[in-house]
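Before any comments, here is the structure.
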Amino acid sequence: MMPQTVIFTTLLVASLLFFCWSVYRRFSLVCYGQPEDRLDQPARRLSEMFLYAFGQLRVLRKPFGLNHFVIFWSFMILALANGEFLVNGVFPSVSLALLPEGMHRVLLFAFDVVSLLTLFAIAFSFIRRLVVKPPYLDSLYVKGKSPEAFLILSFIALLMLAYFGLHGAMVALGTENDTAAMPISSLVGGALAAHPSLVSTVYSVSWWLHAFVLFAFICFLPHSKHMHILTAIPNCYFGALTWPATQPREKFEKGAVYGVGSVERFTWKDLFDSFSCTECGRCQAACPAAITGKPLNPRQIVHAIKTNLLENSHALREGRSGTLPLIGDEGEGTNTEEAIWACTTCGACMEACPVLIEQMPKIVKMRRHLVETESRFPEELLNLFENMEQRSNPWGIAPGERAKWVSTLPVKPFAAGETEYLLYVGCAGSFDSRAKQVTVALATVLNAAGVSWGILGKDEKCCGDSLRRLGNEYLFEKMALENVELFRERGVKKVITLCPHCLTTLKNDYRQYGLELEVVHQSELIAELIRSGRIKLDKKDDSLGRIAYHDPCYLGRHNDIFDAPRTLVQAATGTAAVEAERNGRNSFCCGAGGGRMWMEEFTGERVNHARVDELLAQKPDTICVACPYCMTMVEDGLKDKGAGQVRVRDVVEVLAEGLLRKNA
């Protein structure tokens, strides 16, 4: 064996052993997480993996994502070239040249072109971080201009330069004759041919540079954020198959531990998520709390979990609790309570993440710990919890007041076998003076279409949405069980809701309690009534002027209902609503979700102000919503902004007004 081969083989074996040891040390920490089944539906999981990991679907949503797409696929293609280099370094007689000539030529051409594209992509990455760095690349503990990021980019650039130096020298030396298949290397070889005394030196320097950078890359990879090269693809495979706004049930029994107060209380998937984070900042750029200056940053939450796990790893391996707190004062590896309570659970972070990390459920798990184990939560929530427990509504109003909105309408109680739909009015639709107008409008539309519906009246209870998102799982479960029993007793099968939060709770959360209901949002049902011809609007209403539509997070992003509300606006006015800059799946929260409806904002800009500014940029005369929370937040925002002349209407109100005009 030649000395060069011996040195290369020794360094390669040492690098691979260090790599395996490092990967084992990190991945074994995932095993300290709680069990969670993510092995069901393998065909669907494979499909998701190919779509998001290999297809880079979410990466390509941003213009600069094309750059990452090039680097990703270059990495995949050049893995073959680098594999050949490593094997050839140990066994010089083994190379891809042993393949059939045609196949070998295709590979040589691909390696040459892809290496050049990678060089361009790396150059763009340097420019982006040094010259035109977007603000979301930086967070408190993660910086866009970090030495680690530049080191990795430099490694990749050096590998490409070494590739062209090596193969250019081979062309110049005449050991690589297939120049047509290597257009870039041939150009380099042509330039080197003018300096024959340098060719051998360039060959040797390029060969060893390629080798040393590869060895350094192999050793450094598991200790950097670029470990996501190893974890992103499996993380997409193990991603949630349903939108994870619904949190798992807890077992309320003696000795049980509630929520997550230390890192090992997360599931293995939560911990694996932390190693899969690319720290790209897309979640940060989408988060309403982060954008408006709150202490919450979803990227920071995931980064803190990884840092906490690594810092406490020694203690965990010895069976002890870690010394770095998961929840506490500001510090790397620790989440503050202010950050945990700032989440609106809108899900924008999860929608933006290219590798399907689930940030929001981790926050709710920590809320559960604070509420159920520590009894530590913002003081303003105390009244909410008491009102929910005693009167089953956020305001603590007597249940007998629930049905007062029906005084002017012929409304029947729900009766199994006689009534098709239960109209689940919800707390806002029953008690809030503005939302009650929406309830009346819905009742008017349902009656006009001849829909068979009824209500529970004073027997209706809150669905518990805010309690669950705020982490008060014990009280949520109590109310959920009561509702499930009530629905079964009354024989309820089909439900109409006004509120997207009621919709997602009755439809998605209550399945965990064995109750399968057909739940539709009012906009879905009415859109279907329009399509079927049961509602006809001959006169188009133009009195509302220019209409902008705001997507409620729990209707759109959480339940995939985007078109139905827009259908109602179009049907009533004959004109499509104008869209805010962020709309549909990428819409911006009103600030009321996740129980934030019942909490004040003391830091930064108010979320509803930011959203109202965005809506006002469309110069609307009317803003349409489809959620009572959004109604309150948008109306308040307009008043605060001195834009009270802009009307706010629920989409069902727009349609009801159209019906009344038709019949006038």
Given 3.5 Å as the limit, does a donor-acceptor pair link the side chain of Lys294 with the main chain of Thr603, or not? yes
Which label fits Trp598 and Tyr629: parallel for a plane angle under 30°, tilted from 30 to 60°, or perpendicular past 60°? perpendicular
Hey, mind stepping through Arg606 and Glu600 against salt bridge (charged side-chain N to carboxylate O under 4.0 Å, His left out) and telling me if it holds? CA-CA 9 Å; Arg606 295 183 66 87; Glu600 264 303 329; 3.2 Å; yes
Taking the side chain as everything from C-beta on, heavy atoms only, tell me whether Leu638 gets closer than 4.5 Å to Gln645. no
Distance, nearest 0.5 Å, that separates NE2 of His303 from CD1 of Ile305: 11.5 Å
Residues Gln618 and Glu581: closest non-hydrogen pair is NE2-N, 3.9 Å
Okay, side chain of Asp465, backbone of Cys502: is any donor-acceptor separation there less than 3.5 Å? no
Residue pair Glu601 / Glu605: nearest heavy atoms and the distance that separates them: OE1-O, 3.5 Å
For the residue pair Phe72 and His68, does the interplanar ring angle fall in the parallel (under 30°), tilted (30 to 60°) or perpendicular (over 60°) class? parallel
Under a plain distance cut-off of 3.5 Å, with no hydrogens placed, do Glu330 and Thr336 share a side-chain donor-acceptor pair? no
Leu381 and side-chain contact (heavy atoms from CB on, under 4.5 Å): which single residue from Leu467, Leu470, Val371, Asn472 fits? Leu470
Please confirm whether the backbone N or O of Arg469 pairs with a side-chain atom of Arg367, one donor and one acceptor, at under 3.5 Å? yes
Compare every heavy atom of Asp551 with every heavy atom of Ser587, then report the nearest pair and how far apart it is. OG-O, 3.3 Å
Give a yes/no verdict on a cation-pi contact between Arg282 and Tyr136, requiring under 6.0 Å between NZ or CZ and the six-membered ring centre and an angle within 45° of the axis. no
Does the salt bridge (charged side-chain N to carboxylate O under 4.0 Å, His left out) test come out yes or no for Asp621 and Arg647, once each step is laid out? CA-CA 6 Å; Asp621 300 301; Arg647 291 165 293 227; 5.5 Å; no
Step-by-step side-chain contact (heavy atoms from CB on, under 4.5 Å) determination, Ser392 to Met479: CA-CA 8 Å; Ser392 195; Met479 295 174 71; 3.4 Å; yes
Steps toward side-chain contact (heavy atoms from CB on, under 4.5 Å) verdict (Asn483, Tyr513): CA-CA 10 Å; Asn483 274 325; Tyr513 301 87; over 6 Å; no
To the nearest 0.5 Å, how far apart are CD1 in Ile496 and NZ in Lys494? 10.0 Å
Could you tell me whether Glu379 atom CD has more than 12 heavy atoms of other residues or ligands within 6.0 Å of it? no
Determine whether Ile291 and Phe588 make a side-chain contact, defined as any pair of heavy atoms from C-beta on separated by less than 4.5 Å. yes
Walk me through it: do Lys133 and Lys143 pass the test side-chain contact (heavy atoms from CB on, under 4.5 Å)? CA-CA 10 Å; Lys133 183 169 65 68; Lys143 302 297 180 186; over 6 Å; no
Do His521 and Pro500 come within less than 4.5 Å of each other through their side chains, counting heavy atoms only? yes
Taking every non-hydrogen atom, the tightest pair across Glu473 and Pro248: OE2-O, 4.1 Å
Measure from the side-chain N and O atoms of Arg511 to the backbone N and O of Lys507, and report whether any donor-acceptor pair falls under 3.5 Å. yes
So, for Ala428 and Ala435, which heavy atoms are closest and what is the spacing to 0.1 Å? O-CB, 3.3 Å
If only atom types and distance count, is the side chain of Thr345 paired as donor or acceptor with the main-chain N or O of Gly594 below 3.5 Å? yes
Would you check if the side chain of Arg299 reaches a backbone N or O of Glu279 as a donor-acceptor pair within less than 3.5 Å? yes
Minimum side-chain heavy-atom gap Glu337-Met366 below 4.5 Å: no
Please test Thr497 against Val520 for side-chain contact (heavy atoms from CB on, under 4.5 Å), starting from the C-alpha separation and ending with a verdict. CA-CA 6 Å; Thr497 68; Val520 293; over 6 Å; no
Among Arg585, Arg557, Arg582, which one satisfies salt bridge (Lys or Arg N to Asp or Glu O under 4.0 Å) with Glu351? Arg585
Kindly state whether the ring of Phe385 and the ring of Phe377 have centres lying under 6.0 angstrom apart. yes
Go through the side-chain N and O atoms of Trp453 and Asn447 and say whether any donor and acceptor fall under 3.5 Å apart. yes
Quick check: does any side chain N or O of Thr622 sit under 3.5 Å from a backbone N or O of Leu544, one acting as donor and the other as acceptor? yes
Between His558 and Cys346 (side chain of the first, backbone of the second, donor and acceptor by atom type, cut-off under 3.5 Å), is there such a pair? yes
Is a donor on one side and an acceptor on the other found under 3.5 Å between the side chain of Glu653 and the backbone of Asp650? yes
For a 4.5 angstrom cut-off between non-hydrogen side-chain atoms, does Lys461 reach Leu456? no
Please examine the side chains of Ile623 and Tyr549, heavy atoms only from C-beta on, and report whether any two atoms are closer than 4.5 Å. no
Short question: side chain of Tyr424, backbone of Cys463 - any donor-acceptor pair under 3.5 Å? yes
Salt bridge (charged side-chain N to carboxylate O under 4.0 Å, His left out) assessment of Lys362 paired with Asp270: CA-CA 7 Å; Lys362 295 173 180 48; Asp270 290 324; 3.0 Å; yes
Please walk me through it: do Glu518 and Lys493 pass salt bridge (charged side-chain N to carboxylate O under 4.0 Å, His left out)? CA-CA 6 Å; Glu518 180 183 325; Lys493 302 292 184 187; over 6 Å; no
Answer yes if the side chains of Asn608 and Asp636 hold a donor-acceptor pair under 3.5 Å, and no otherwise. no
Side-chain donor-acceptor pair present, Asn67, Ser125, cut-off under 3.5 Å: yes
Pair Glu401 + Arg391: basic N to acidic O under 4.0 Å: no
Counting C-beta onward and ignoring hydrogens, is there a side-chain heavy-atom pair between Leu423 and Leu498 closer than 4.5 Å? yes
Measuring from Ile535:CD1 to Leu659:CG, what's the distance to the nearest 0.5 Å? 6.0 Å
So, Asn508 versus Asn559: side-chain donor-acceptor pair below 3.5 Å or not? yes
Pairwise side-chain contact, Leu525 with Tyr421, heavy-atom cut-off 4.5 Å (strictly under): yes
Which one of Ile526, Thr567, Leu568 satisfies the side-chain contact (heavy atoms from CB on, under 4.5 Å) criterion with Val651? Leu568
What pair of heavy atoms forms the shortest contact from Leu537 to Gly658, and how long is it? CD2-C, 3.5 Å
Leu555 CG to Thr504 OG1 distance, which is reported to the nearest 0.5 Å: 9.5 Å
